[in-house]
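Written out below as structure tokens is the structure these notes cover.
Everything numeric here is computed off the predicted structure, so don't read it as measured data. Residue numbering restarts at 1 for every chain, and letters A, B, ... go by the order of the sequence lines.
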Amino acid sequence: MEYNFREIEKKWQAYWAANHTFKVEEDASKPKYYVLDMFPYPSGAGLHVGHPLGYIASDIYSRYKRLCGFNVLHPMGYDAFGLPAEQYAIQTGQHPEKTTNDNIARYRSQLDRIGFSYDWSRSFRTCDPDYFKWTQWAFLQMFCSYYDNKKASARPIEELVAAFEASGTEGLDVACGEQMSFTASRWKALTPKEQSEILMNYRIAYQGETAVNWCPGLGTVLANDEVKDGLSVRGGFPVVQKKMKQWQLRVSAYAARLLESLESLDWTDSLKEMQRNWIGRSTGTEVVFKVETAGKTTDVTIFTTRVDTIFGVTFMVLAPESELVQALTTPERKAEVDEYIAAVSRKTERERIAETKTVSGVFSGSYGINPLTGEKVPVWISEYVLAGYGTGAIMAVPAHDSRDYAFARKFNLPIVPIIEGCDVSESSFDAKEGRMCNSAFLDGLTVAEAIPAAMDYVEAKGLGHRKTNYRLRDAIFSRQRYWGEPFPVYFEDGVAKPLPLEDLPLTLPSIDEYKPTEDGRPPLARAKDWTWNGYPLETSTMPGFAGSSAYYLRYMDPHNDSALVSREADGYWRNVDLYIGGTEHATGHLIYSRFWNKFLFDLGYVCEDEPFRKLINQGMIQGRSSFVYRVVGTNKYVSCGLKDSYKTQEIHVDISLVHNDRLDLEGFKAWRPDFADAEFILENGEYICGWAVEKMSKSMYNVVNPDDICERYGADTLRLYEMFLGPLEQSKPWDTKGIDGVHRFLRKFWRLFWDGDDFIVSDEAPSAEDLKTLHKLIGKERGDIEAFSFNTTVSAFMIAVNDLTDRKVSKRAVLEPMVILLSPFAPHIAEELWHALGHTGSVTFASFPEYHEEFTVENNCTYAVSFNGKMRFTVDLPKTCSREQVQEHVLAMEQSGRYLEGKTPLKVIVVPGKIVNIVVK
RNA sequence: GCCCGAGUGGCGAAAUGGUAGACGCGCUGGACUCAAAAUCCUGUGUCCUUAAAAGACGUGCCGGUUCGAGUCCGGCCUCGGGCACCA
């Protein structure tokens with residue numbers, strides 16, 4: 001029997017499905033291990049070979065953990081709400097659910113061919129009402145909660161109401177939009193509607209007026225991480241700033257905790273660093289400047305991280321969107337200021353980014369008073385100051401801030417250096433070094449000393465206080481789309497109210513068309529009766545990240561209809577031990593999920609504060625495009641090596657027509673009509689294509705479908721090859737050049753069991769050599785898998801099989817453990833051979849072979865022994881004895897006094913197999 | 001501009017501070033074959049020389065620590081990724 005991977009793989013995939021081999025239940029007698037992949041958004045293009053890279057790695061680890069005796073939860077599902085299905089629906093009128101289901105069916109069949117050990121009984125789609133019921137539920141929990149900074153925890157909103165009734169805002173430290181201050185009696189005097197409006201300022205899910213990223217091309221708002229360079233990540237449409245009333249999540253309340261608990265996570269440093277940057281903690285000082293405007297005085301609070309430079313302030317700047325702009329504009333400046341603000345607001349985000357280097361601004365007519373010097377400085381308005389950060393107002397120190405410097409130069413404002421010896425004639429001196437001067441009590445201090453000294457001074461004089469700011473914004477949570485979770489919210493007299501929990505899920509209404517209404521309202525406004533008990537319902541829907549924020553919890557208990565996850569299931573599975581996915585989710589999903597989890601933790605619904613303990617980012621697999629070279633003006637194609645002798649045009653050619661860079665000439669002619677009568681200029685009788693590494697995409701004809709690889713080489717070869725390609729976390733181009741070698745390895749392994757027609761495994765006892773081969777492999781595999789170094793594990797396997805093939809070893813005692821070792825990587829062939837060896841049941845539940853170091857010891861050999869690198873004598877020792885053994889041996893000789901001549905040995909260093917070096921002083 | 005990460009044969013890549021290039025691809029030559037495919041064997045960092053052996057040089061560049069550096073430290077160069085008017 002030859003290795004017939006097609007038959008074997010079909011057989012075992014059917015066996016696993018029929019026997020529910022990978023179905024798991026909570027089992028208190030076994031330790032749990034939770035391995036999760038970032039679930040896919042099923043796009044119309046299907047999977048390409050890059051997608052399964054992480055899935056294969058997590059599957060190998062899951063299977064390995066099962067062999068080690070863990071109860072492994074390894075689920076898979078679909079992130080099914082989203083823009084592409086909706087865009088397609090707008091164009092074709094087809095319901096997005098139909099598109100989504102078609103795509104999911106395709107994904108599922110592609111995934112099934114690769115032989116993953118998922119527990120499919122736990123699978124769900126985020127667009128299933130049974131699932132999004134809990135997305136809506138979580139939203140309502142957030143709507144009915146506020147964040148208490150003192151307790152560092154979310155609390156039910158009733159507690160806040162009780163506090164307002166008892167003593168107003170007195171003594172409260174809670175997360176909010178706008179700082180409010182009122183008494184208990186004032187609160188009680190408010191109408192219910194007014195009270196609701198105030199509570200909106202404190203809810204964790206709240207509705208508020210805010211500048212949003214409005215994308216006219218998509219007809220919806222987008223979150224910050226959905227916008228890149230002023231264009232939408234999906235679709236690439238321009239994005240403009242617009243003020244709109246939107247649902248938002250108070251993620252900013254969790255900024256400090258999100259930052260702190262990063263430390264405890266087993267994530268890569270680069271990913272943690274990305275999150276740190278995104279959260280953007282900065283400690284500084286808020287200082288109050290009194291500003292005079294045509295006789296009136298207004299307090300303006302500014303934020304700075306460099307109070308030490310306050311003696312260098314020569315002007316102040318407000319953001320154009322700052323609420324203070326109107327109050328601080330003098331009548332004679334009003335026209336000019338209004339015009340500037342109008343001009344700024346017309347700009348798109350993209351234009352603002354493009355014009356970063358051009359400096360613009362306008363003088364307000366007001367003057368601020370430096371609280372430390374009493375000096376009067378002009379107040380300007382400029383778009384380089386952002387309304388959304390700090391207080392939307394700054395003190396400008398052009399000598400020591402490059403942006404202030406550029407502004408001062410443009411508008412001819414004074415530049416006063418306050419650090420000794422710095423040169424500000426060409427540019428500002430931003431470095432935090434040197435000694436202070438022209439700064440009264442700070443003179444002579446270093447910058448490092450001056451910063452806290454200035455902070456202390458400002459606080460002592462009551463001019464301001466220390467303040468920590470975060471760059472992390474609240475998440476905009478509404479989308480003007482159809483294909484998302486509806487908000488479980490209705491409006492009574494304009495006041496948003498939660499639907500009762502028993503009415504969840506609130507499912508999508510059917511509508512005739514999926515685009516916005518003519519008057520620009522979201523598609524849900526087209527629904528005939530989008531009301532609840534006669535009250536109008538919210539017409540926007542939730543964004544893509546809503547459904548993906550807590551999906552890992554649902555896998556623990558996917559069919560529970562009375563809770564997102566039961567206390568028992570959550571208590572057993574706790575959180576994800578290993579999460580594998582792409583780095584593109586660093587500042588989106590991975591922040592939202594952590595926030596969402598912490599919120600549920602605060603309310604006691606989950607037992608772990610962090611969702612993902614260990615996280616691995618698999619690299620991207622790029623495409624390797626192939627080119628042919630058409631001689632310009634002809635239908636002749638010249639082979640790559642000869643192309644320099646002609647004037648040629650480079651044309652992408654479908655890589656299915658190319659094998660090892662050689663073009664299939666007939667296939668090429670048949671590919672497209674205009675190539676039908678192509679002529680070729682060959683080198684050595686072959687047409688060699690050129691190539692380049694590019695993103696894998698349809699338009700470059702470089703997409704490789706895993707189905708094709710499974711068909712040609714089998715899923716086991718695909719799995720091994722994807723791992724063999726290089727380190728998991730590294731991006732690399734897909735290149736089928738080496739796949740034959742991996743496939744050859746599997747056939748070699750097979751031939752250790754089958755010789756043509758006969759099963760040739762014997763019960764002969766293994767030799768010392770055989771045991772050495774086996775135990776080297778066991779030791780290597782265990783270490784490498786734990787380190788996620790799968791490429792070297794595959795190599796170790798090849799070495800072992802080469803050894804056995806060379807010695808013609810087909811002994812059960814060696815091959816049986818090797819089948820178990822191979823099973824995480826190539827599960828189908830492993831099952832087949834496991835059964836050929838006479839076992840029943842799946843190899844999944846075998847035990848990982850034990851490792852015995854003594855079996856890896858080789859025969860004696862002669863070591864050279866040297867002192868400080870200088871050769872002295874030789875000694876016979878086992879060929880691969882441990883360093884400790886050699887040290888012991890050599891030190892014993894040292895004690896006999898023969899070699900060291902009275903010198904003290906510092907260290908004995910052994911190069912296995914060859915050299916012993918003794919360091920002496 | 002700031003913050004990460006990476007630079008090793010023709011290629012993908014290995015190497016707890018200890019024989020650099022394991023393993024695989026490709027290529028060389030050979031066996032089997034009418035032939036091909038498949039399979040097996042041989043060689044394969046560079047240079048010099050050779051019948052053979054033996055040398056010398058080699059991990060982006062310059063320096064340092066060390067008996068010993070691809071690996072650790074300092075300074076550059078190049079490439080990839082992330083952030084970017086965040087005061």
* Let me know the distance between CD of A:Gln622 and P of B:G12, rounded to the nearest Å. => 12 Å
* Quick one: is B:A87 close enough that its OP1 or OP2 comes under 4.0 Å of any side-chain N or O from A:Arg471? -> no
* Starting from the 5' end of RNA chain B, give me the residue, A:Ser282 or A:Arg751, whose nearest nucleotide shows up first. => A:Arg751
* Structure fact -> Winner on side-chain proximity to A:Ser795, out of B:A22, B:C4, B:G24, is B:A22
* **Whole-Å distance separating the NZ atom of A:Lys737 from the C1' atom of B:C11** => 6 Å
* With a non-hydrogen cut-off below 4.0 angstrom, is A:Ile394 in contact with a base, only sugar-phosphate, or nothing? -> base
* Structure fact -> note: A:Ile621, atom CD1; B:G80, atom P; distance rounded to Å ~ 20 Å
* Asked: Does a nitrogen or oxygen in the side chain of A:Gln730 sit under 4.0 Å from OP1 or OP2 of B:A13?
  -> yes
* Where does B:G9 fall, syn or anti, if syn means a chi angle no more than 90° from 0? -> syn
* To do: For B:U33 and B:A22, measure between their C1' atoms and round to the nearest Å.
  => 34 Å
* Under 4.0 Å between any heavy atoms, over every strand shown, what does A:Asp269 touch: base, sugar-phosphate, or nothing? Just pick one. => nothing
* Asked: Say you pick atom C1' in B:C76 and the same atom in B:G21; how far apart are they, in whole Å?
  -> 27 Å
* Please lay out, stage by stage, how A:Tyr384 and A:Phe407 fare under the test ring-ring contact (aromatic ring centres under 6.0 Å, His included). => CA-CA 9 Å; A:Tyr384 86 86; A:Phe407 195 83; 5.4 Å; yes
* Using the P atoms only, state how far B:A56 lies from B:G7, rounded to an integer number of Å. => 29 Å
* How close do A:Ser360 and A:Tyr340 get, heavy atom to heavy atom, and via which atoms? -> OG-OH, 2.7 Å
* Indicate, with a heavy-atom threshold strictly under 4.0 Å, whether A:Asp806 touches base, sugar-phosphate, or nothing. => sugar-phosphate
* **Closest listed nucleotide, where the reference is the side chain of A:Thr792 and the choices are B:G24, B:C85, B:A15** => B:A15
* Asked: Whole Å only: how far is the CH2 atom of A:Trp750 from the P atom of B:U39?
  -> 16 Å
* How far, in whole Å, is B:C34 from B:A51 if one measures between their P atoms? -> 38 Å
* Asked: How would you label the contact of A:Lys780 with the nucleic acid (heavy atoms, under 4.0 Å): base, sugar-phosphate, or nothing?
  -> nothing
* Of the non-hydrogen atoms in A:Ser282 and A:Thr305, which two are nearest, and what is the gap between them? -> OG-CG2, 3.9 Å
* Asked: OG1 of A:Thr793 to CG of A:Leu822: how many Å apart, nearest 0.5 Å?
  -> 11.0 Å
* On a whole-Å scale, what distance lies between the C1' atoms belonging to B:G74 and B:A69? -> 15 Å
* Taking the C1' atom of each, how far is B:U42 from B:U65, in whole Å? -> 44 Å
* Structure fact -> From the list A:Asp308, A:Thr309, A:Thr304, side chain to side chain donor-acceptor pair (under 3.5 Å) with A:Arg306 holds only for A:Asp308
* Complement of B:G1, any strand, by Watson-Crick or G-U distances under 3.5 angstrom -> B:C83
* Asked: How would you label the contact of A:Pro727 with the nucleic acid (heavy atoms, under 4.0 Å): base, sugar-phosphate, or nothing?
  -> sugar-phosphate
* Hey, does the side chain of A:Asn802 come within less than 4.0 Å of B:G24's phosphate (OP1/OP2), counting only N and O? -> yes
* What do you reckon, is CD of A:Glu729 surrounded by more than 12 foreign heavy atoms closer than 6.0 Å? -> yes
* Rounded distance (Å) that lies between atom C1' of B:C2 and atom CG of A:Asp430 -> 12 Å
* To do: Report the distance from atom CG of A:Leu752 to atom P of B:C40, rounded to the nearest whole Å.
  => 11 Å
* Answer with base, sugar-phosphate or nothing: what part of the nucleic acid does A:Arg276 contact at a heavy-atom distance below 4.0 Å? => nothing
* Taking the same atom, C1', in B:A37 and in B:G10, what whole-Å distance lies between them? -> 26 Å
* Watson-Crick or G-U wobble partner for B:C67, using a 3.5 Å limit on both distances? -> B:G18
* Considering only atom P, compute the distance from B:C83 to B:U71 and round it to an integer number of Å. => 31 Å
* Asked: side chain to side chain donor-acceptor pair (under 3.5 Å) between A:His743 and A:Thr717: does it pass, once the steps are laid out?
  -> CA-CA 5 Å; A:His743 189 63; A:Thr717 299; 2.9 Å; yes
* Structure fact -> The Watson-Crick or G-U wobble partner of B:G12, with both key distances under 3.5 Å, is B:C23
* Comparing A:Glu273 and A:Tyr389 on RNA chain B - which has the more 5′ nearest nucleotide -> A:Glu273
* **Complementary nucleotide for B:C57 - Watson-Crick or wobble, under 3.5 Å** => B:G45
* Spacing between A:Asp740 atom CG and B:C27 atom P, to the nearest angstrom -> 11 Å
* Sugar-phosphate, base or nothing in reach of A:Asn791, heavy atoms under 4.0 Å -> sugar-phosphate
* Interatomic distance, A:Lys776 NZ vs B:A15 C1' [rounded to whole Å] -> 15 Å
* Counting side-chain heavy atoms from C-beta on, which of B:C85, B:U39, B:G82 comes nearest to A:Arg747? -> B:U39
* Decide salt bridge (Lys or Arg N to Asp or Glu O under 4.0 Å) for A:Arg276 and A:Glu263; before the verdict, give the C-alpha distance in whole Å, the side-chain angles of both, and the deciding distance to 0.1 Å. => CA-CA 10 Å; A:Arg276 276 187 210 112; A:Glu263 301 302 325; 3.6 Å; yes
* Asked: Distance check: side-chain N/O of A:Arg744 vs OP1/OP2 of B:G24, anything under 4.0 Å?
  -> no
* Asked: For B:A6, which nucleotide in any strand shown is its Watson-Crick or wobble partner with both distances under 3.5 Å?
  -> B:U78
